[in-house]
Trainee: 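Sharing a structure with you now.
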Amino acid sequence: MPRTQIYNAVTERLEILDPAGIVDEELMPDLDGDRIRGIYSDMVRMRAMDEKALKLQRQGRMGTWPPIKGQEAIQAGVAHAMEDGDWLLPAFREHGIMLLRGVPGHLIYAYWAGDERGSSFPEGVRVFPVAVPVGSQWQHGTGVGLSLKLRGEKAVAVTLGGDGSTSEGDFHEAMNCAGVFQSNSVFVIQNNQWAISIPLHQQTAAKTLAQKAHAYGIPGIQVDGNDIFAVYSVTREALDRARNGGGPTLIEAVTYRLGDHTTADDASRYREDKEVTEWEGRDPILRLRRFLEARGLWDEEQEQEQQAAAQAWVDEQVAALEAMPPQDPSDIFSHMYADLPPHLAEQMAEVIEEVGS
Amino acid sequence: MPRTQIYNAVTERLEILDPAGIVDEELMPDLDGDRIRGIYSDMVRMRAMDEKALKLQRQGRMGTWPPIKGQEAIQAGVAHAMEDGDWLLPAFREHGIMLLRGVPGHLIYAYWAGDERGSSFPEGVRVFPVAVPVGSQWQHGTGVGLSLKLRGEKAVAVTLGGDGSTSEGDFHEAMNCAGVFQSNSVFVIQNNQWAISIPLHQQTAAKTLAQKAHAYGIPGIQVDGNDIFAVYSVTREALDRARNGGGPTLIEAVTYRLGDHTTADDASRYREDKEVTEWEGRDPILRLRRFLEARGLWDEEQEQEQQAAAQAWVDEQVAALEAMPPQDPSDIFSHMYADLPPHLAEQMAEVIEEVGS
Amino acid sequence: MSTARNRVADADDPQPTEKLTIAQAVRDAMADEMDRDPSVVVLGEDVGVDGGVFRATDGLIERFGSERVIDTPLAESAIIGMSVGMAATGMRPVAEIQFMGFVYPAVNQLLGHASRMRNRTRGRMTLPMVIRMPFGGGIHPPEHHSESYESMFLNSPGIKVVVPSNPYDAKGLLTAAIRDEDPVLFMEPKRIYRAFRAEVPTGPYTVPIGKASVDHEGDDVTLISWGAMVRVCHDAAELMAREDVSVEVLDLRTLNPLDRETMLASVEKTGRAVVVHEAPRSNGFGGEIAALIGEHLLLQLEAPVLRVAGFDVIFPAAKNEHLYLPNRDRIAAAIRKTLNF
Amino acid sequence: MSTARNRVADADDPQPTEKLTIAQAVRDAMADEMDRDPSVVVLGEDVGVDGGVFRATDGLIERFGSERVIDTPLAESAIIGMSVGMAATGMRPVAEIQFMGFVYPAVNQLLGHASRMRNRTRGRMTLPMVIRMPFGGGIHPPEHHSESYESMFLNSPGIKVVVPSNPYDAKGLLTAAIRDEDPVLFMEPKRIYRAFRAEVPTGPYTVPIGKASVDHEGDDVTLISWGAMVRVCHDAAELMAREDVSVEVLDLRTLNPLDRETMLASVEKTGRAVVVHEAPRSNGFGGEIAALIGEHLLLQLEAPVLRVAGFDVIFPAAKNEHLYLPNRDRIAAAIRKTLNF
Ligand SMILES: Cc1ncc(C[n+]2csc(CCOP(=O)(O)OP(=O)(O)O)c2C)c(N)n1
Ligand SMILES: Cc1ncc(C[n+]2csc(CCOP(=O)(O)OP(=O)(O)O)c2C)c(N)n1
Ligand SMILES: [Mg+2]
Ligand SMILES: [Mg+2]
């Protein structure tokens, strides 16, 4: 009766596309050239949206903005692996994937410009609003996944969150309940290595975040988050499993936050430029471009066109943002309950008397 | 670049003493006959305390009582592994270990009889009060462990909790922070397989609770919780490590709640008698007695004496409980703050006017 | 004890009734709604096989199965957080928090999400969900089992707060809550879960959320209360009647949105008010009520609005519960004080 | 702007002063106490290397090292829960919650443990700990960054609640809070963290917890407020002075225990009161204040106690913040209303 092993499991990591743009052909997912070009342009569009937002912010035309620069492969990879009826539950640094799941760009801008209408997505868009209280959306992802399962929908709830958010109690409860209920859920950690100023090793003593899945009896896997093909592949596999009743998966996608935490932050206070430069060399967009070029699927001319198209699209979004009619002052009252209770009607009248309607 | 293994999660289980009372000699901890007899009598005393409380409750002399029957080996094993300066942080089903760590029996009774003075332990007793909000004490155990580490005390915070409590977010945050700060903490899960009516497999999809340690980068181990020697050994090892700066450990001690959840519960509503009977055959006290008898360290006469001593001790505790002077009505006010603020003084006066002091 | 005046039944015809406790009425409301609407599910700790620690979900799992009566892990934040996800995607979860004393871990999901989703999305996402929880003292349990935390949910808009005081209202209000398009916190007075039975219609009916009930008419002073305290107020009213004092007893039934109209009309008539609640006095909801009355009826008040409430201490352990909880005599003393002002 | 009347310095001698912002005053209080007492430690998210997202812990880690200025994982419940464990075993933790909008996950540890440990153990275990958190609106951030949740901590006894409105009080009150033997929730008005500087003594001193400050004397009406709203009240007082209305401005500074004496004395003198706070109106602490005034001064009141507060809605996103927050003109309008009653 010595010590016996009662649990023996491994955590794996998948990589397909290396920083030089070379892929492991055997592992390549089934995506044709057009599709890959489409993914590439989505990533370029994300980058353009992000850069423009930073500019707008400096000009005072945008509120606090959390940049996604460097995380485009995760957001494009997960979005492209999802299917129509799937739900997306973002944290707050998910502009790219929200866009690809149907949220109009100008609404994303509107949200960060301080306008709640930014979360009023068009009918049929299966996306939750931004979740500012870190980590709380994991629970909703379990609930939506359970809802889909109970209602017999062949759809999956895909929840994203940061490495920092894995320290919150809500992360734990959500993963554990997803395991117990075998909900139709896929959880993707965008491990960008920092939570504001806290580096990963001060966030957890666990060697990887993927291994946290062992605590919940659910599959967990790590993936190179700057590798669009690897992200797509593991997400696809996890989605297929969840869609077919196989239960939830935890995916850790390792990437890097190339920008400041938000426009209100100055990352040079707490991290070395060297680290940033190193990761710039692993830029997910550049990497995919190298792949496309090596395959003869992309050239400088296409790149110019694509960049111009992205700029044009961004400009349209800004125009749409700035063309939004001002909110009615009564708006701060009118969405509190299905019906306006008397005390709110009174308060609304006070405001309208003060500022006009 | 195929899938690479980046983490290998192995979890072990330790058993030393089998239900027939036979030990694995190689693994036997270094405890002499006297010490083992002492442990045995502690366990007998715990059982007597528990049974008496149930009787008192039926007679209306005790409030709601959560019985510890079946969990005596964990509580004795952990207590005996601890050293003088160590702190104990109980959940609410830890009367046995609280007793061994210096809490007078009549105060334990007083607490469950609905008297806060039950948590007013004597000076120098390093035991936290009962924690009723499930799972919250894990966080305190990390805090105390950190405090001991920062202050350079060669002491450890030992926190106990139930299997159900591992589902709370606080469990997660506590383990994760203990890992990050390498606090002087040992965490012991009394996995008695039930959380009121919820069996373990509805609590988590993880095969074991010990494997949850992989999520935090800390050592985790499972132990037969009805095996006093195994519990003692793993706890001792974990305490030594923590005491010497080696950081925290998570121990899952597998046992069974032989009684109802509390005196307010009727377990027959949700579980089979068969399961209970099966586990009665693995009674930790009986098992140790068989061991002692086989070694010639114990006989029927000693047993009789021990039982009588335990009864006498219990009767003393009841007498002490019932001899406690009534609380002063002002007591509900006087421990709110170091100084009584004016509004409380006013309210206190109201009560004293009403009921006398 | 209560008039049916403010109670609106679905059907016009007189329905057959049966004598039920509050716990049974609560269970029946869930059962009827689960019958009517397949999107209604019940979830919480021990709500399934055990039937709830107060038996308020007794028999539901046998009738509706474990996919609709869901025993959850021990995780209050998950119970509410999952309910948010479910309610946003077409279900109507009725979540149970085992005791109000254990709602704290769920506050982030309740006040950070459940109460905000409609506003946050400009009405795109609505959360038809109910959060049931037994509250209040009087059963002599260990700590954290007697709390009345309503105050913390009443400075944080977006969540309705409903508290029945009798079986009829319990069933009708819970039915209304389950049908409501917004989150409703439903507080159940555990002390009187089984204290008495009253006639309750057998089929579904609703009691409207947001309407107080004038339980007993009177002219000299208005007692304002909710939950288990309503019965204590009736006792006090009876006692005062022997002193020829005519007490109006108001059962608020809904704390948000508050039925100010009924409340202010009553106090305007009587000129005196005493608020009674179990939560600590300071910053309890009694403060809001007194403030509103003072704001609207300063010149009509014959005496200050008094509060009979818990003291500003941690709810005492069983042996001292009686010192803490408002009782008939304290209420009577407050009434006399307003009369002799 | 404020008189020094209610402020007690440790030393009798006049101390040298320097001009500091509130953020700097807060940091200095921590630095001084860490210097004095090795058991004081600071912990929270980004309080170390980053110096805090508002720079309120700037330079502390360089000076005291990472064992005493502890960057924690992203886990509010752990920040408070660990502090409870530390405070119970000889340390004096000063915990930071990054924004009051993120305190919800910590409520269980704050109100289930921190506020109860002394009472639960009959004084055996005491928790000298401070929980600092920036609160309030006015900086145009995303949601959950502007909240004022004081009300939820004021119906739950056992935790003191302190709110400075200027650099002098910020340092003196925080010093007192760190030295206090009980848990103190310390709310920092983020909108004025750096809005202005004022003379602050360079060494340690305390401003007593539980004492309000009559910032500005007046005869016609009392404005009662705390935090960033105090400055807005001063603006309103100035405006009203031009209309020959003499306004007394009361800065409560401590919400629990409340300095009723000072407050009631002021309203007794003026006969009119307006309470101003950022939290939603319904069941905000303004209700408690109005209730207390009504209870004690019914016959002395010349007009109802009015409240100028946030509306009963979710704190609006940046673009609509101005619609929500009390401002000078709303306060002035309320004052006029009480004068014309
Ligand atoms: C509950 C809560 N605590 C604190 C914050 C403040 N905050 C916003 S983002 C952030 C760091 C998040 O880190 P991570 O989860 O890794 O996401 P990332 O920013 O890297 O995308 C913090 C502390 C918050 N929004 N919510
Ligand atoms: C936060 C919280 N939720 C719910 C409860 C009610 N409750 C008391 S004990 C218990 C089950 C605890 O199970 P476990 O942790 O396994 O401990 P055991 O009772 O088996 O010793 C529950 C649900 C509580 N006390 N605290
Ligand atoms: Mg991150
Ligand atoms: Mg258990």
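A, B, ... follow the sequence lines: proteins, then strands. Residue 1 opens every chain. Treat the numbers as computed from the prediction; the structure is a model and nothing was measured.
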Trainee: Report which part of A/Leu148 has an atom under 4.5 Å of a heavy atom belonging to chain C: side chain, backbone, both, or neither.
Mentor: neither
Trainee: Which atom pair, heavy atoms only, marks the closest approach of C/Gly85 to A/Val144?
Mentor: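 Shortest heavy-atom contact: O-CG2, 3.4 Å.
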Trainee: Any sub-3.5 Å donor-acceptor pair from A/Arg151's side-chain atoms to C/Gly90's backbone N or O?
Mentor: yes
Trainee: Between C/Ala75, C/Pro105, C/Pro257, which shows the greatest number of heavy-atom pairs under 4.5 Å with chain A?
Mentor: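 The answer is C/Ala75.
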Trainee: In terms of heavy-atom proximity below 4.5 Å to chain A, should C/Thr126 be classed as side chain, backbone, both, or neither?
Mentor: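 No part of it gets close to chain A.
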Trainee: Backbone N or O of A/Ser119 within a donor-acceptor pair of the C/Arg124 side chain at under 3.5 Å?
Mentor: yes
Trainee: Out of C/Asp180, C/Ile80, C/Asn256, C/Leu74, which one racks up the most heavy-atom pairs below 4.5 Å with chain A?
Mentor: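 Greatest number of close heavy-atom pairs with chain A: C/Asn256.
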Trainee: Would you find more than 12 non-hydrogen atoms of other residues, nucleotides or ligands less than 6.0 Å from A/Asp339 atom CG?
Mentor: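 Count not over threshold, so no.
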Trainee: Going by atom types alone, do C/Asn119 and A/Tyr337 pair a side-chain donor with an acceptor below 3.5 Å?
Mentor: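 Looking only at side-chain atoms, A/Tyr337 and C/Asn119 do not form any donor-acceptor pair under 3.5 Å.
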Trainee: Against chain A, label C/Glu181 side chain, backbone, both or neither, depending on which of its atoms sit under 4.5 Å from a heavy atom there.
Mentor: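 For C/Glu181, the contact with chain A is made by the side chain alone.
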Trainee: Is any side-chain heavy atom of C/Met82 closer than 4.5 Å to one of A/His140?
Mentor: no
Trainee: Which residue out of C/Pro183, C/Ser77, C/Ala87, C/Ser39 racks up the most heavy-atom pairs below 4.5 Å with chain A?
Mentor: C/Ser77
Trainee: If you compare all heavy atoms of C/Arg120 against all heavy atoms of A/Val130, which two are closest, and at what distance to 0.1 Å?
Mentor: CD-O, 4.3 Å
Trainee: State whether the side chain of C/Arg122 and the backbone N or O of A/Asp331 hold a donor-acceptor pair below 3.5 Å, judged by distance alone.
Mentor: yes
Trainee: May I ask you to name which of A/Asp170, A/Ile332, A/Leu146 has the most heavy-atom pairs under 4.5 Å with chain C?
Mentor: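 Among A/Asp170, A/Ile332, A/Leu146, the one with the most close pairs to chain C is A/Asp170.
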Trainee: If we ignore hydrogens and angles and just use 3.5 Å, is the side chain of A/Glu173 paired with the main-chain N or O of C/Ala78 as donor and acceptor?
Mentor: yes
Trainee: Identify the heavy atoms of A/Pro129 and C/Met117 that sit nearest to each other, and give their distance.
Mentor: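 In terms of heavy atoms, the two residues are closest at CG-SD, 3.6 Å.
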Trainee: Measuring only between side-chain heavy atoms, which start at C-beta, is C/Asn108 closer than 4.5 Å to A/Glu168?
Mentor: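 No, every pair of side-chain atoms sits at 4.5 Å or beyond.
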Trainee: Any side-chain to backbone donor/acceptor pair from A/Asn176 onto C/Pro73? Under 3.5 Å, distance only.
Mentor: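 Such a contact is absent between A/Asn176 side chain and C/Pro73 backbone.
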Trainee: Strictly by modelled atom types, are A/Gln139 and C/His113 linked by a side-chain donor-acceptor pair under 3.5 Å?
Mentor: no
Trainee: Please determine, among A/Pro341, A/Pro133, A/Ser136, the option with the most heavy-atom pairs under 4.5 Å with chain C.
Mentor: A/Ser136
Trainee: Pick one of side chain, backbone, both or neither for C/Leu43, based on which atoms fall under 4.5 Å of a heavy atom in chain A.
Mentor: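 Neither the backbone nor the side chain of C/Leu43 comes within 4.5 Å of chain A.
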Trainee: What part of A/Tyr111 is in contact with chain C, defined as an atom under 4.5 angstrom from a non-hydrogen atom: side chain, backbone, both or neither?
Mentor: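 Contact with chain C is absent: no heavy atom of A/Tyr111 under 4.5 Å.
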Trainee: Dump the intermediate steps for side chain to side chain contact (heavy atoms under 4.5 Å, CB included) on C/Thr72 and A/Cys177, then the final yes or no.
Mentor: CA-CA 8 Å; C/Thr72 67; A/Cys177 288; 5.7 Å; no
Trainee: Quick one: what part of C/Asp259 sits under 4.5 Å from any heavy atom of chain A, side chain, backbone, both or neither?
Mentor: neither
Trainee: Verify the neighbour count for atom CD of C/Glu261: are there more than 12 heavy atoms of other residues, nucleotides or ligands below 6.0 Å?
Mentor: no
Trainee: Looking at A/Glu346 and C/Arg260, is any side-chain nitrogen of the basic one under 4.0 Å from a carboxylate oxygen of the acidic one?
Mentor: yes
Trainee: Look up atom OG1 in C/Thr89 and atom CZ in A/Arg126, then write down how far apart they are to the nearest 0.5 Å.
Mentor: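 One gets 8.0 Å once the value is rounded to the nearest 0.5 Å.
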Trainee: Side chain from CB out, backbone as N, CA, C, O: work out which of these in C/Met125 comes under 4.5 Å of a heavy atom of chain A, or both, or neither.
Mentor: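 Looking at C/Met125, just its side chain touches chain A.
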Trainee: Determine the minimum heavy-atom distance between A/Phe128 and C/Ala88, stating which atoms define it.
Mentor: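 Looking at all heavy atoms of both residues, the shortest contact is CZ-CB, 3.5 Å.
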Trainee: Please step through side chain to side chain contact (heavy atoms under 4.5 Å, CB included) for the pair C/Met86 and A/Leu150, ending with a clear verdict.
Mentor: CA-CA 10 Å; C/Met86 293 166 87; A/Leu150 292 177; 3.9 Å; yes
Trainee: At a 4.5 Å cut-off on heavy atoms, which part of A/Ala338 comes close to chain C: side chain, backbone, both, or neither?
Mentor: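 Its backbone and side chain both get close to chain C.
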Trainee: Checking A/Trp87 against chain C: side chain, backbone, both or neither under 4.5 Å from a heavy atom?
Mentor: side chain
Trainee: Near C/Gln300 CD, under 6.0 Å, is it more than 12 heavy atoms from other residues, nucleotides or ligands?
Mentor: yes
